[in-house]
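All values reported here derive from a predicted model rather than from experimental measurement.
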Amino acid sequence: MSDLQPKVSVLFVCVHNAGRSQMAAAFLTHLAGDRIEVRSAGSAPADTVNPAAVAAMAEAGIDMSAQTPRILTTEAVHASDVVITMGCEDTCPAFPGKRYLDWRLDDPAGQGVEAVRPIRDEIERRVRGLLTELQLH
């Protein structure tokens, strides 16, 4: 048995798992590396990740082109320490002992990269704040 604490696990959830939750997961993975287990999912996942979100993240030096939307499962929520919803709070299962946050962000669906940039920047700001809260900055 290791003396190391288990990794904190963070789950980002939005309806389609194609924009906001994908960008948040990509930023957290980029900034925290392997110090945090990162998941993202959607209550009604899209077929593909939003191309404008992929383009906006590429501008920030993060490649999301290989990501695919995933369905939200109770197992993913149960396995996560922190669950951050972005517009699906009513469909996200709640378990005792989990930390739930709701990040109200504009939906990038159907928007061009110009409209996605400020959403991306706000997500990065919030992810950096989360890292500080989790003392992993």
Point to revise | Side-chain donor/acceptor of His16 to backbone N/O of Gly42, under 3.5 Å | key: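 It does not hold such a pair.
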Check your understanding: Any link between Leu134 and Ile123 through a network of hydrophobic side chains (Ile, Leu, Val, Met, Phe, Trp, Tyr) touching at under 4.5 Å?
Key ->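 In one cluster: yes.
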Restricting to non-hydrogen atoms, name the atom on [X] and the atom on [Y] that form the minimum distance, rounded to 0.1 Å.
X	Y	answer
Lys98	Ser80	CD-O, 2.8 Å
Thr48	Ala18	O-CB, 3.5 Å
Ala26	Met57	CB-CE, 3.8 Å
Val8	Ile36	O-CG2, 3.3 Å
Ser40	Ser21	CB-O, 3.7 Å
Ile71	Pro45	CD1-CD, 3.4 Å

Residues two or more places apart in sequence or in another chain: which of them pass side-chain hydrogen bond (donor to acceptor under 3.5 Å, both in side chains) with [X]?
X	answer
Glu124	Arg128
Asn50	none
Ser9	Arg39

Can you pull the ring-ring contact (aromatic ring centres under 6.0 Å, His included) pairs that have at least one residue in [range], sequence neighbours excluded?
range	result
residues 27-72	none
residues 53-86	His78-Phe95
residues 52-71	none
residues 101-129	Phe12-Trp103

Practice item. List for me each residue that meets salt bridge (charged side-chain N to carboxylate O under 4.0 Å, His left out) alongside Arg125, sequence neighbours excluded, and say none if there are none. Key: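 Arg125 satisfies salt bridge (charged side-chain N to carboxylate O under 4.0 Å, His left out) with Glu122 once adjacent residues are dropped.
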Review point. Do Thr85 and Leu101 have side-chain heavy atoms sitting under 4.5 Å apart?
Key: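 Not in contact.
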Practice item. Answer whether the closest heavy-atom distance between the side chains of Val38 and Leu11 falls below 4.5 Å. Key: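 Not touching, per the 4.5 Å side-chain cut-off.
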From [X] [atom1] over to [Y] [atom2], what is the distance, rounded to the nearest 0.5 angstrom?
X	Y	atom1	atom2	result
Arg70	Thr68	CZ	OG1	5.0 Å
Met23	Arg120	CE	CZ	8.5 Å
Met86	Arg104	CE	CZ	12.0 Å
Gln22	Ile62	CD	CD1	12.5 Å

**Study point:** Any pair counted as salt bridge (Lys or Arg N to Asp or Glu O under 4.0 Å), so long as it reaches residues 12-25, sequence neighbours left out
**Key:**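 Non-adjacent pairs meeting salt bridge (Lys or Arg N to Asp or Glu O under 4.0 Å): Arg20-Asp107.
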Exercise for review: Using the salt bridge (Lys or Arg N to Asp or Glu O under 4.0 Å) rule, collect all pairs that involve residues 72-87, keeping only residues at least two apart or in two chains.
Suggested key: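 Residue pairs with at least one partner in residues 72-87: there are none.
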**Study point:** side chain to side chain contact (heavy atoms under 4.5 Å, CB included) partners of Asp63, counting only residues at least two apart
**Key:**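 By the side chain to side chain contact (heavy atoms under 4.5 Å, CB included) rule, Asp63 matches Ser65.
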Exercise for review: Please name all residues satisfying side chain to side chain contact (heavy atoms under 4.5 Å, CB included) with Gln111, sequence neighbours left out, ordered by chain then number.
Suggested key: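 Partners of Gln111 under the side chain to side chain contact (heavy atoms under 4.5 Å, CB included) test: Ala115, Val116.
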Point to revise | For Ile84, the option from Val127, Leu130, Val13 that meets side chain to side chain contact (heavy atoms under 4.5 Å, CB included) | key: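 The residue from Val127, Leu130, Val13 that satisfies side chain to side chain contact (heavy atoms under 4.5 Å, CB included) with Ile84 turns out to be Leu130.
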